[in-house]
Amino acid sequence: MPDANIRIPAEARDRLAEIAAGEGLSLRAYLARLADSLLTPAERAERAEQARAVLREWNGYDPSESEQAELDEELDRRLAEAAGR
């Protein structure tokens, strides 16, 4: 696979290199592993839909879009509270 150049601030590069070294990896290997471990927005949406389908089938849970928005807001509020914001 050909390499690509990515321009980022030197501070970010140095931090990522330090994290990679702490895990015994080169920066290149660390970034490749990181990319493989993260989901794209489309992949996240697909997984969320799969989870909703399982819940619907398992126990009938099927919130409307407005209920989902309210639940997301509540989760965001609680996460912010837990983070001390």
Side-chain angles (χ1 to χ4, degrees):
M1 172 187 320
D3 287 341
N5 291 321
I6 301 172
R7 296 180 57 87
I8 62 171
E11 297 81 18
R13 179 207 56 217
D14 295 345
R15 180 172 171 76
L16 289 169
E18 185 177 342
I19 293 167
E23 296 189 25
L25 297 169
S26 68
L27 180 54
R28 181 180 189 271
Y30 178 78
L31 291 174
R33 187 181 75 179
L34 181 64
D36 287 341
S37 70
L38 299 174
L39 298 174
T40 66
E43 290 167 334
R44 283 195 307 272
E46 181 180 344
R47 287 211 183 162
E49 182 50 43
Q50 289 171 349
R52 284 190 293 272
V54 167
L55 287 171
R56 270 192 305 274
E57 188 176 312
W58 177 57
N59 67 5
Y61 181 73
D62 191 16
S64 67
E65 284 188 30
S66 64
E67 290 171 324
Q68 287 182 40
E70 289 175 21
L71 292 168
D72 286 345
E73 288 174 14
E74 176 68 10
L75 178 59
D76 289 343
R77 185 190 66 73
R78 288 183 184 206
L79 289 172
E81 186 178 288
R85 293 188 230 149

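What you are looking at is a predicted structure, and each value in this text was computed from that prediction instead of being measured.
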Is any NZ, NE, NH1 or NH2 atom of the basic residue among Glu74 and Arg77 found under 4.0 Å from an Asp or Glu carboxylate oxygen of the other?
yes
Looking at Arg52, I'd like to know if its CZ atom is crowded, meaning that more than 12 non-hydrogen atoms belonging to other residues, nucleotides or ligands lie closer than 6.0 Å.
yes
Under a 4.0 Å N-O cut-off, is there an ion pair linking Glu11 with Arg15?
no
Say you draw a straight line from CG of Asp76 to CG of Leu71; how long is it, rounded to the nearest 0.5 Å?
11.0 Å
Spacing of CG belonging to Leu25 relative to CG belonging to Leu16, to within rounding of 0.5 Å:
12.0 Å
Is it true that atom CZ of Arg28 has more than 12 heavy atoms of other residues, nucleotides or ligands lying nearer than 6.0 Å?
no
Would you say the side-chain atoms of Arg44 pair up with the backbone N or O of Leu39, donor to acceptor, closer than 3.5 Å?
yes
Salt bridge check: are Glu43 and Arg47 linked by an N-O gap of less than 4.0 Å?
no
Are there over 12 heavy-atom neighbours, none belonging to Glu23, within less than 6.0 Å of that residue's CD?
yes
Give, for atom CG of Leu75 and atom CD of Glu70, the distance between the pair rounded to the nearest 0.5 Å.
13.5 Å
Which heavy atom of Asn59 sits nearest to which heavy atom of Leu55, and what is that distance?
OD1-O, 2.7 Å
Heavy-atom pair of closest approach, residues Ala20 and Ser26
CB-O, 3.7 Å
Approximate separation, where rounding is to 0.5 Å, of Leu79 CG and Glu81 CD:
10.0 Å
Kindly check if the number of other-residue, nucleotide or ligand heavy atoms within 6.0 Å of CD (Glu67) is above 12?
yes
